Amino acid sequence: MARSTPPANEKLRHYEVLTRVSRVINSSLEPATVLDLVLREAVELMKATSGSLVLIDPHTQLLEIEVAIGLSDEARQLKLAIGRGVTGWVAKTGQPLRLADVSTDPRYISVRNDIRSELAVPLLLEGQLIGVLNVDSTRQNAFSQAEEDLLVALANQAAQVIHNSWLYEAVAHNARKLEALFHVAQSINSSLNLEDVLKRVTAAACRLMETKVCSLMLLNADRDQLELRACHGASADYLSKPPLPVSESIIGSVVRRRKPIQVYNVQHHDAYQHIELARQDGLVSLLSVPLEFGEQVIGALSVYSATPYRYSTQDMKILSTLASLAAVAITNAQAHEKVVQAEEQLRQAERLGTLGLLAAEVAHEIRNPLTVMQMLFHSLELKFPATDPRARDAEIVAEKMEHLNKIVERLLSYARSNEPSFQPVDLNALLNDVLMLTRRKLQQQRVELVTDLAGHLPALKADRGQLEQACLNLILNAAEAMPAGGQLSITTGVRAPGTVVVTFRDTGVGMTPEQQARLFEPFLTTKAHGTGLGLAIVYKIIVDAHQGRIEVESAPRQGTAFHILLPADGAP
Ligand code: ADP
Ligand code: MG
């Protein structure tokens, strides 16, 4: 086709038009608006009857009409493969195509009966085709070479503007996601309840990823399986999904390889374990990322879409970021649960220890009178004739006393098997261990803890378990004496050579001299749920078992101090 050089005034007009169009299409950063403006300008500029802007779908590689003017809704649905029709030809060759009479060209696919001529130009971005811009007319030979040149120039500009709007949208999208992630981080870290954290994570994943279902599985390393712990958006059936073997499941491989995996359609994937459930719940595309905390992998976080979808690198990044936030929150909550459990065990141990000591005490008190009763009974030599019912009664009394004796012996031998075993004990380390377990209770009660532990403290010769129990009793008593908060200070030091002292000083309710006088008697308590055994046991442990001493300083509303004095290891 011969081209004549356009006259100078036409060039000028061409330039002016482009400048104006450029201003219009650059007036928005919103992709849909930009496409709309581009087509509107093209149709108007070309005085066309109708027009369409077509983009390549990067997944399907089909040409899809994004915006159209003067086309029926049905015609807009047309999707062309690259190479088919006028649009497909332009997309394939990257060349413009101008048909003066569409009826004579075999490439033309009619979408509107009255169209006579067409002009189609490629949308090229750095040589790469992103789409095609079409204009049509009911007149034959409606478009000139000059108009073709103008539309090509407009298309070049438009491609750049469209691209910019996509970039802008991607940035804006990321900014929104980042902000959402930030809120999620705050939300999931604001709870220490594991179930609660898991629920929040799955709900957040669905929202962030705009997907149908999210599931969170935690690794049970002992059993080598993944257990479903939380799920958002799925049916009740899904929630009762059995555990997955780590070695032979898709999500298991995420945990094994510590890498994300995506499956385009789990309903057609052989390795997917619960295809029936997936079909029932309409789960399609899966993206699963590992939950990692430091070196440890603790499970997997997975999202499912309701329609086929290819997750982008960006999607993967977002889900992975959420997963690492989640792993921290989960590990935190798990650690917290362990502390709560340990505290509960400790309380249980205290109760059992108390009962054990009490039982031994009671057994001891019963044994002596029982021995006397048995002796006296036998010396009575009650001999009744066999026909006298009292003969049977006397037999029963003797049997029952023997039974009681056995029970008492058993209790005493149990107590003896729990005799203290003395070993060198570092008192400071022991206190730190006990404080680890009571720290939360003190915090809850708004008790400020101040410790001043002496360096180079001589070791004690003591039964560690018993000494722990005594310290625990004193700390709990101090906390209970400060129901509205206060300060507990614990100090260690050396009193006289060979005597180690630990002081528990509180700012609590204090005691009257009368209370102090009977402090170590069992069953004396001022508390609604007290046992009154705590200090009796402290006394047994410190004074009886360890040859130590207890000093008390106290006055009502002035707080209380307990000084526990213990002989150092090797002291005479
Ligand atoms: P319980 O704690 O079950 O009441 P204890 O033998 O441990 O039994 O304590 C007996 C009583 O001694 C308590 O009920 C309380 O009245 C008093 N008591 C113990 N320690 C303190 C303290 N640090 N401050 C004030 N009173 C205390
Ligand atoms: Mg107590």
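Everything numeric here is computed off the predicted structure, so don't read it as measured data.
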Roughly how far, to the nearest 0.5 Å, is the [atom2] atom of [Y] from the [atom1] atom of [X]?
{"X": "Gln443", "Y": "Thr438", "atom1": "CD", "atom2": "OG1", "answer": "10.0 Å"}
{"X": "Leu472", "Y": "Leu431", "atom1": "CG", "atom2": "CG", "answer": "11.0 Å"}
{"X": "Ser249", "Y": "Tyr272", "atom1": "OG", "atom2": "OH", "answer": "10.0 Å"}
{"X": "Ile475", "Y": "Lys441", "atom1": "CD1", "atom2": "NZ", "answer": "12.0 Å"}
{"X": "Lys317", "Y": "Asp315", "atom1": "NZ", "atom2": "CG", "answer": "11.0 Å"}
{"X": "Asn332", "Y": "Leu194", "atom1": "CG", "atom2": "CG", "answer": "10.5 Å"}

What residues, two or more places apart in sequence or in another chain, satisfy salt bridge (charged side-chain N to carboxylate O under 4.0 Å, His left out) together with [X]?
{"X": "Arg20", "answer": "Glu41"}
{"X": "Arg256", "answer": "none"}
{"X": "Glu210", "answer": "Lys177"}
{"X": "Asp114", "answer": "Arg112"}

If we only count heavy atoms from C-beta on, is the [X] to [Y] side-chain gap below 4.5 Å?
{"X": "Leu226", "Y": "Leu218", "value": "no"}
{"X": "Leu18", "Y": "Leu150", "value": "yes"}
{"X": "Gln145", "Y": "Glu148", "value": "yes"}
{"X": "Leu39", "Y": "Leu133", "value": "yes"}
{"X": "Val54", "Y": "Glu66", "value": "no"}
{"X": "Pro96", "Y": "Leu151", "value": "no"}
{"X": "Leu219", "Y": "Ile298", "value": "no"}
{"X": "Leu277", "Y": "Asp237", "value": "yes"}

Kindly check if the number of other-residue, nucleotide or ligand heavy atoms within 6.0 Å of [atom1] ([X]) is above 12?
{"X": "Glu126", "atom1": "CD", "answer": "no"}
{"X": "Gln128", "atom1": "CD", "answer": "no"}
{"X": "Arg107", "atom1": "CZ", "answer": "yes"}
{"X": "Tyr168", "atom1": "OH", "answer": "no"}
{"X": "Glu179", "atom1": "CD", "answer": "no"}

Practice task
Check side chain to side chain contact (heavy atoms under 4.5 Å, CB included) between His268 and all other residues, then give those that pass, not counting sequence neighbours.
Solution key: Asn265, Arg279
Exercise for the section: Just jot down the side chain to side chain contact (heavy atoms under 4.5 Å, CB included) partners of Leu129, sequence neighbours excluded, or say none. Expected result: Ile56, Ala91, Pro122, Leu124
Minimal non-hydrogen separation, [X] against [Y], with atom names:
{"X": "Leu488", "Y": "Ala478", "result": "CD1-CB, 3.8 Å"}
{"X": "Val201", "Y": "Ile188", "result": "CG2-CG2, 3.7 Å"}
{"X": "Ala158", "Y": "Val38", "result": "CB-CG1, 3.6 Å"}
{"X": "Ile109", "Y": "Gly85", "result": "CD1-CA, 3.7 Å"}
{"X": "Val132", "Y": "Asn134", "result": "CG1-OD1, 3.7 Å"}
{"X": "Leu430", "Y": "Cys471", "result": "CD2-SG, 4.0 Å"}

Strictly distance-based, threshold 3.5 Å: is any side-chain N or O of [X] a donor or acceptor partner for the main-chain N or O of [Y]?
{"X": "Thr49", "Y": "Thr138", "answer": "yes"}
{"X": "Gln267", "Y": "Leu283", "answer": "yes"}
{"X": "Arg98", "Y": "Phe143", "answer": "yes"}
{"X": "Ser117", "Y": "Ala142", "answer": "yes"}
{"X": "Ser320", "Y": "Met316", "answer": "yes"}
{"X": "Thr451", "Y": "Leu453", "answer": "no"}
{"X": "Ser144", "Y": "Glu147", "answer": "yes"}
{"X": "Ser253", "Y": "Ile250", "answer": "yes"}
{"X": "Asn26", "Y": "Ser22", "answer": "yes"}

Return each pair, listed once, that meets salt bridge (Lys or Arg N to Asp or Glu O under 4.0 Å) where at least one residue sits in [range]; pairs must be two or more places apart or across chains.
{"range": "residues 325-335", "result": "none"}
{"range": "residues 70-91", "result": "Glu64-Lys79, Asp73-Arg76"}
{"range": "residues 192-206", "result": "Glu195-Arg229, Asp196-Arg200"}

Fill in the blank from the handout: By side chain to side chain donor-acceptor pair (under 3.5 Å), Ser110 pairs with (sequence neighbours left out) none
Handout entry: Any residue meeting side chain to side chain donor-acceptor pair (under 3.5 Å) with Arg223, in chain and number order, not counting sequence neighbours
Key = none
Practice task
Have a look at Ser165 and tell me which of Thr33, Val34, Leu35 forms a side chain to side chain contact (heavy atoms under 4.5 Å, CB included) with it.
Solution key: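 Single pass found, and it is Val34.
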Acceptor/donor pairs from residues 284-296 side chains to any protein atom, 3.5 angstrom cut, sequence neighbours excluded:
residue	atom	partner	partner atom	Å
Ser285	OG	Tyr264	O	2.6
Ser285	OG	Tyr309	N	2.8
Ser285	OG	Tyr309	O	3.1
Ser288	OG	Ser302	OG	3.0
Glu292	OE2	Arg258	NH1	3.3

Handout entry: Residue pair Glu227 / Asn220, side-chain donor-acceptor N/O under 3.5 Å
Key = yes
Problem - Modelled atom types, side-chain donor and acceptor of Asp101 and Ser103, under 3.5 Å - result: yes
Practice task
Decide side-chain hydrogen bond (donor to acceptor under 3.5 Å, both in side chains) for Asp506 and Gln487; before the verdict, give the C-alpha distance in whole Å, the side-chain angles of both, and the deciding distance to 0.1 Å.
Solution key: CA-CA 6 Å; Asp506 66 58; Gln487 192 188 68; over 6 Å; no
Practice task
Starting from the C-alpha separation in whole Å, work towards a yes-or-no answer on side chain to side chain contact (heavy atoms under 4.5 Å, CB included) for Leu301 and Cys214.
Solution key: CA-CA 7 Å; Leu301 184 65; Cys214 172; 3.6 Å; yes
